[in-house]
Amino acid sequence: MAADRRTVIENCAIATVDADDTEYTDGYLVVAGNRIEAVGAGRAPEGLADVGRRIDATGHLVTPGLVNTHHHFYQWITRGLATDHNLFDWLVALYPTWARIDEPMVYAAARGSLAMMARGGVTTAMDHHYVYPRGSGDLSGAVIRAARETGVRFTLARGSMDRGEKDGGLPPDFAVETLEGALAATEETVNRHHDFSFGAMTRIAVAPCSPFSVSTELMREGAALARRLGVRLHTHGSETVEEEKFCHELFGMGPTDYFESTGWLGEDVWMAHCVHMNDSDIAAFARTKTGVAHCPSSNARLAAGIARVPDMLAAGVPVGLGVDGTASNESGELHTELRNALLINRLGAHREAALNARQALRLGTYGGAQVLGRAAETGSLEPGKLADLVLWKLDTLAHASIADPVTALVFGAAAPVTASFVNGEQIVQDGRLLTVDEDEIARSTRAEARRLARIAAQG
């Protein structure tokens, strides 16, 4: 543990989200280098050496940084389109536009997506990028570059599609890769960018897009590739009733059985959505420790349904939260998903007993770290873990009359972020990013969105 300089945060409420859900109504936290050195009640110990900074966090709640487990950054420049569609109709409407993205567009969109999440408390992000049109440039490199500039911890799920329109898929044929090309490009991305070390800022996962845009061969060989390389696997699963019907018609079985038949269940796998899961499906995920990225706002936007999150948690399925792409969740924020996950799940069978505030916070922090395979490094505030943490300001008009700070954070309006730290480095100050120029990003994303719209209209 590097301990050459320390940051001391005091006079704040703390929700550690450790195994015991330890909380302090008035506590302190000490950061040494890029690790958490100590956390506890009352004032920090006297006589700490090499204290470079002391933060009086009166009126704040300190939590682990939020962990986003599912996203499509490129969609930042196609927000506000196809707003009254279900998933399949939405994909049909937008694939012709998405198929025309290029490297400058993807870089701008990634910067927009990352900036919006980071200023709202996300310290670990991921992107499932699966659209690689021919001749579009180094799209994976553009996304990784944007994440490094923003300063967040990052997983690129290198996606792929090899089932185009001529093979019964949804994407245009010129926007899909060959089986061999997708596998080779994915392996090259892992070899070039994946960092296996503790505290890595960049990791890569193998991520064929979905059963209806990917061949069975790509699913099987993608799983084998990931396990040969020692990286994680990610895909979409059981998002809609149409997907279940598609799987039964094409494969003669439901999505979960299909995933198991292709090697896609396991503790190194996580799937987005998992809305339409029966008891047997949930049991299979629990048995294999397959993770789930729950995306409540996107599921509602696309009328996909309500995922059985309380049943998954009761069975022992690892569950985290996801923004999902901003073409189906225009806000682009994860901290609002804490509230939406709680409220939407209370519309389901368990009603008011579905989720509580602390379970929602756990989904957005430790649960996400667990799903990404990083629970030993981040997701809770404990000595030895990485210093990824957020100071939420809860003493303003929006929250001051709510006595319990965790309830205020989850049930209340979106709380301002006074400070956010990743790897011990501050990246947000008073709701503004310190690492990148938000106004310049806004201008560039608007320009690239307009350019994409012109190209798509001409196409």
Side-chain angles (χ1 to χ4, degrees), residues 69-72 75 78 81-96 98 128 130-131 157 159 161 163-165 167-171 176 207-216 219 234-262 264-265 269-282 284-285 290-312 317 319-330 337 340-341 344-345 347-349:
T69 61
H70 185 64
H71 211 311
H72 308 295
Q75 292 180 13
T78 59
L81 305 177
T83 55
D84 303 310
H85 294 52
N86 64 27
L87 176 65
F88 270 39
D89 291 343
W90 176 82
L91 290 171
V92 169
L94 291 175
Y95 264 135
W98 294 339
H128 185 192
Y130 55 85
V131 182
M161 300 184 293
R163 187 193 297 277
E165 287 178 315
D167 297 318
L170 295 177
V176 303
C209 181
S210 65
F212 47 84
S213 59
V214 169
S215 68
T216 297
M219 292 296 291
H234 181 59
T235 192
H236 296 90
S238 301
E239 187 173 359
T240 65
V241 291
E242 292 85 0
E243 179 187 337
E244 180 152 2
K245 180 181 177 183
F246 179 92
C247 286
H248 276 287
E249 290 177 351
L250 199 62
F251 311 124
M253 63 187 86
T256 299
D257 290 337
Y258 174 68
F259 287 133
E260 187 156 32
S261 75
T262 54
W264 272 80
L265 294 185
V269 180
W270 85 103
M271 296 191 196
H273 305 297
C274 299
V275 175
H276 297 279
M277 302 266 283
N278 60 32
D279 291 346
S280 175
D281 298 329
I282 291 174
F285 272 55
T290 303
V292 171
H294 176 45
C295 306
S297 292
S298 178
N299 293 343
R301 159 76 148 81
L302 297 173
I306 302 172
R308 295 174 58 188
V309 172
D311 296 327
M312 294 178 195
V317 176
V319 182
L321 292 180
V323 171
D324 203 5
T326 48
S328 65
N329 181 3
E330 275 77 0
E337 297 303 282
N340 290 347
I344 288 174
N345 278 280
L347 295 174

Within this structure, what is the CG-CG distance for the pair L321 and N340, rounded to the nearest 0.5 Å?
9.5 Å
With the side chain counted from C-beta on, respond yes when [X] and [Y] share a heavy-atom pair under 4.5 Å apart, and no when they do not.
X: V176; Y: R163; answer: no
X: H248; Y: D257; answer: no
X: P255; Y: E244; answer: yes
X: M277; Y: M312; answer: yes
X: Q75; Y: D324; answer: no
X: L87; Y: E243; answer: no
X: P171; Y: Y130; answer: no
X: L265; Y: T256; answer: yes

Sequence neighbours left out, what passes side-chain hydrogen bond (donor to acceptor under 3.5 Å, both in side chains) with [X]? Give chain and number order.
X: E330; answer: R301
X: E165; answer: none
X: T262; answer: none
X: H236; answer: H70, H72

Which residues share a ring-ring contact (aromatic ring centres under 6.0 Å, His included) with F259, sequence neighbours left out:
none
Using ring-ring contact (aromatic ring centres under 6.0 Å, His included) as the criterion, list what pairs up with W98, not counting sequence neighbours.
Y74, W90, Y95
Among residues at least two apart in sequence or on other chains, which ones pass salt bridge (Lys or Arg N to Asp or Glu O under 4.0 Å) with D311?
R308
Only counting residues at least two apart or in another chain, list the ones meeting side-chain contact (heavy atoms from CB on, under 4.5 Å) with [X].
X: S215; value: D162, E217, L218
X: N345; value: H294, I306, V309, P310, A341, A354, L355
X: A300; value: I344
X: S261; value: M253, Y258

Shortest non-hydrogen separation from [X] to [Y] and the atoms involved:
X: M219; Y: P208; value: SD-CB, 3.9 Å
X: T240; Y: A304; value: CG2-CB, 4.2 Å
X: A272; Y: H234; value: N-CE1, 3.7 Å
X: T69; Y: W270; value: O-NE1, 2.9 Å
X: P96; Y: L91; value: CD-O, 4.5 Å
X: P296; Y: G322; value: CD-O, 4.5 Å

Any donor-acceptor pair under 3.5 Å linking the side chain of [X] with the backbone of [Y]?
X: H276; Y: E242; answer: no
X: S298; Y: N329; answer: no
X: T235; Y: C209; answer: yes

